[in-house]
2 protein chains.
Amino acid sequence: MSGTEPQFTTSLELLRWIGWAQMMAGQDWVRERDLSREQSFALGFLVQNPGSMQRDIAEMTRTSAASVSSLLQGLEKRGLIERRIGGGDQRSKRVYATPAGAELIAGFDIAMNDLEEKILAPLDEQERVTLHALLTKVTSVLPQPTRD
Amino acid sequence: MSGTEPQFTTSLELLRWIGWAQMMAGQDWVRERDLSREQSFALGFLVQNPGSMQRDIAEMTRTSAASVSSLLQGLEKRGLIERRIGGGDQRSKRVYATPAGAELIAGFDIAMNDLEEKILAPLDEQERVTLHALLTKVTSVLPQPTRD
DNA sequence: GGTTGACAGTTAGAGTTCAAACTATTAAAG
DNA sequence: CTTTAATAGTTTGAACTCTAACTGTCAACC
């Protein structure tokens, strides 16, 4: 990852565990903006980690380089992101959210926090800590999905 | 669901929570047979719940009726399942795994148990019980994804 | 310098998913 | 009996995912 910890890391981790998030509140927020869930996460990540490499995004979303490539194509076509070849390595592309993209995604982290709150509602504070600890423990030994 | 509890319910529930199962051992088992993960689950479910309605499958996989429809098309084309219109309701189709399908999927539950064991390896028995309880608690208040 | 291998990203093709619009059947209401 | 609404399933189109094969760049080693 690119150093700083994105604000919505917690929600994102949780959403990974909870596949059912598909049908939940996040959808409405996202649909109003004509963004897919995946596009939203990528865009939000780019606002908080400007200049990330596509490889970073693949790692963050735990998908493949190919997926990121096509995902970003859609965002680029709509002018929400930019890909620049800069720095030393001519292979890697630095990805940035455009002002339009940043404006569109503003408030996403708050919406994700609300969603997380909804999902965790049945658990008290202690239980949440326990759940997080257990999931982290399991996660730690799982291999990375991007094995290219 | 259709009364009886499929053997691999536990694994399936776990896989729902653990999106990362995508890249794990189950893949190999499944790839040898040229089945996708989703096809495998559907076929395994049908072996243990012969004559299920497509609606049952949608509920089990927590996807939509449309998804099941296209999923089964692939399996039917390969002769692994059959869809029969029988019983009272002419709308519903009873789905059965063919002998070829049942043979192809044999051992899937064992493979899934192995996979589950791998994923849960870092947790002791007590922790597994706790994790399951917490996930169940969260699950209980989540809406069903198929809302058609 | 030239070869070899790793790495960043893309493309093509198949499979899955969803929403929305559609057929056909069943049930409920009038 | 007729109309209306719900249900089971399909189809279409768009988006995402993956694997496999590909281009282009960088690094290491001879």
Side-chain angles (χ1 to χ4, degrees), chain A residues 16 19-24 26-28 30-43 51-59 61-78 81 83-95 144-148, chain B residues 16 19-24 26-28 30-43 51-59 61-78 81 83-95 144-148:
Chain A
R16 277 192 198 121
W20 294 329
Q22 288 175 5
M23 74 290 183
M24 286 213 54
Q27 286 293 55
D28 298 336
V30 140
R31 204 176 310 158
E32 289 168 14
R33 288 159 178 77
D34 221 339
L35 289 171
S36 70
R37 202 170 59 259
E38 296 83 359
Q39 288 176 324
S40 303
F41 273 112
L43 194 49
S52 296
M53 287 171 50
Q54 297 191 188
R55 175 165 188 70
D56 295 332
I57 302 174
E59 193 179 336
T61 57
R62 296 197 179 259
T63 60
S64 64
S67 295
V68 173
S69 185
S70 34
L71 184 59
L72 293 186
Q73 276 176 10
L75 290 173
E76 194 171 36
K77 212 169 290 174
R78 288 171 61 182
I81 64 156
R83 288 189 265 197
R84 305 183 205 144
I85 303 180
D89 197 330
Q90 294 301 105
R91 290 171 301 181
S92 66
K93 304 186 175 176
R94 301 284 166 174
V95 190
Q144 279 286 80
T146 41
R147 179 85 43 222
D148 31 1
Chain B
R16 276 190 199 124
W20 295 330
Q22 289 176 6
M23 74 290 184
M24 287 212 55
Q27 287 292 55
D28 297 336
V30 141
R31 204 176 310 159
E32 289 169 14
R33 288 158 178 78
D34 220 339
L35 288 171
S36 70
R37 201 171 59 261
E38 295 82 0
Q39 288 176 325
S40 302
F41 272 113
L43 195 48
S52 296
M53 287 171 50
Q54 297 192 189
R55 176 168 187 70
D56 295 332
I57 302 173
E59 192 179 337
T61 57
R62 295 197 180 260
T63 61
S64 65
S67 295
V68 172
S69 185
S70 35
L71 184 58
L72 293 186
Q73 275 176 11
L75 290 174
E76 193 171 36
K77 212 169 288 174
R78 289 172 60 184
I81 63 156
R83 289 189 265 198
R84 306 183 204 143
I85 303 180
D89 197 330
Q90 293 301 105
R91 291 171 301 184
S92 66
K93 304 186 178 177
R94 301 283 165 174
V95 189
Q144 279 286 80
T146 41
R147 180 82 48 222
D148 31 358

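Note that these values count all heavy atoms, side chains included, but never hydrogens, waters or copies made by symmetry.
In this structure, the nucleotide among dG15(C), dA15(D), dC18(C) sitting nearest to the side chain of S67(B) is dC18(C). Nearest to the side chain of Q54(B), among dT10(D), dT10(C), dC18(D), sits dT10(D). Minimum atom distance to the side chain of T63(A) is reached by dC18(D), of the listed dG9(C), dC18(D), dT11(C). Listed candidates were dT10(D), dC18(C), dG9(C). Nearest to the side chain of M53(A) is dG9(C). Nearest nucleotide to the side chain of R83(B), out of dT17(D), dT10(D), dG9(D): dT10(D).
Partners of Q73(B) according to the side-chain hydrogen bond (donor to acceptor under 3.5 Å, both in side chains) rule, which considers only residues two or more places apart in sequence or in another chain, do not exist here. Considering only residues two or more places apart in sequence or on other chains, L43(B) meets the side-chain contact (heavy atoms from CB on, under 4.5 Å) condition with L35(B), L80(B), I81(B), A97(B), I105(B). Considering only residues two or more places apart in sequence or on other chains, S67(A) meets the side-chain hydrogen bond (donor to acceptor under 3.5 Å, both in side chains) condition with S64(A). Residues that satisfy the salt bridge (Lys or Arg N to Asp or Glu O under 4.0 Å) test with R83(B), not counting sequence neighbours, are E76(B).
Smallest separation of non-hydrogen atoms from A58(A) and A65(A): CB-N, 4.3 Å. Heavy atoms only, all atoms of each residue included: L71(B) and Q39(B) are closest at CD1-CG, 3.6 Å.
Per the geometry, CG belonging to D34(B) stands 12 Å off C1' belonging to dT19(D), to the nearest Å. Taking atom NZ of residue K93(B) and atom P of nucleotide dT25(C), one finds them 11 Å apart after rounding to whole Å. The distance between atom CG of L75(A) and atom C1' of dG9(C), rounded to the nearest whole Å, is 16 Å. Here the C1' atom of nucleotide dG15(C) and the NZ atom of K77(B) are 11 Å apart, to the nearest Å. To the nearest angstrom, P of dT7(D) lies 15 Å from CG of D56(B). Protein atom CD of E38(B) is 10 Å distant from nucleotide atom C1' of dT17(D), rounded to whole Å. Rounded to an integer number of Å, the gap from CZ of R37(B) to P of dT16(C) is 10 Å. For E59(A) and dA8(C), the CD to C1' distance is 14 Å, given to the nearest whole Å.
When heavy atoms are screened at a 4.0 angstrom cut-off, S69(B) is found touching base atoms of the nucleic acid. Residue R94(A) is classed as having no contact, given no heavy-atom separation below 4.0 Å to the nucleic acid.
Under 4.0 angstrom from either OP1 or OP2 of dG15(C) there lies no side-chain N or O belonging to Q73(B). Here S36(B) does not reach the OP1 or OP2 of dG15(C): none of its side-chain N or O atoms lies under 4.0 Å away. Between S64(B) and the phosphate of dT17(C), there is no side-chain N or O to OP1/OP2 separation shorter than 4.0 Å.
Residue pairs satisfying the side-chain hydrogen bond (donor to acceptor under 3.5 Å, both in side chains) criterion with at least one member in residues 84-93 of chain A, sequence neighbours excluded, are listed as follows: E82(A)-R84(A), D89(A)-R91(A).
How far CD of E38(B) is from CD1 of I57(B): 13.5 Å, rounded to the nearest 0.5 Å.
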Scan nucleotides 20-26 of chain D against the protein and return all N/O pairs shorter than 3.5 Å with their distances rounded to 0.1 Å.
residue, atom, partner, partner atom, Å
dT25(D), O2, R91(A), NH1, 3.4
dC26(D), OP1, G88(A), O, 3.4
dC26(D), OP1, Q90(A), N, 2.8

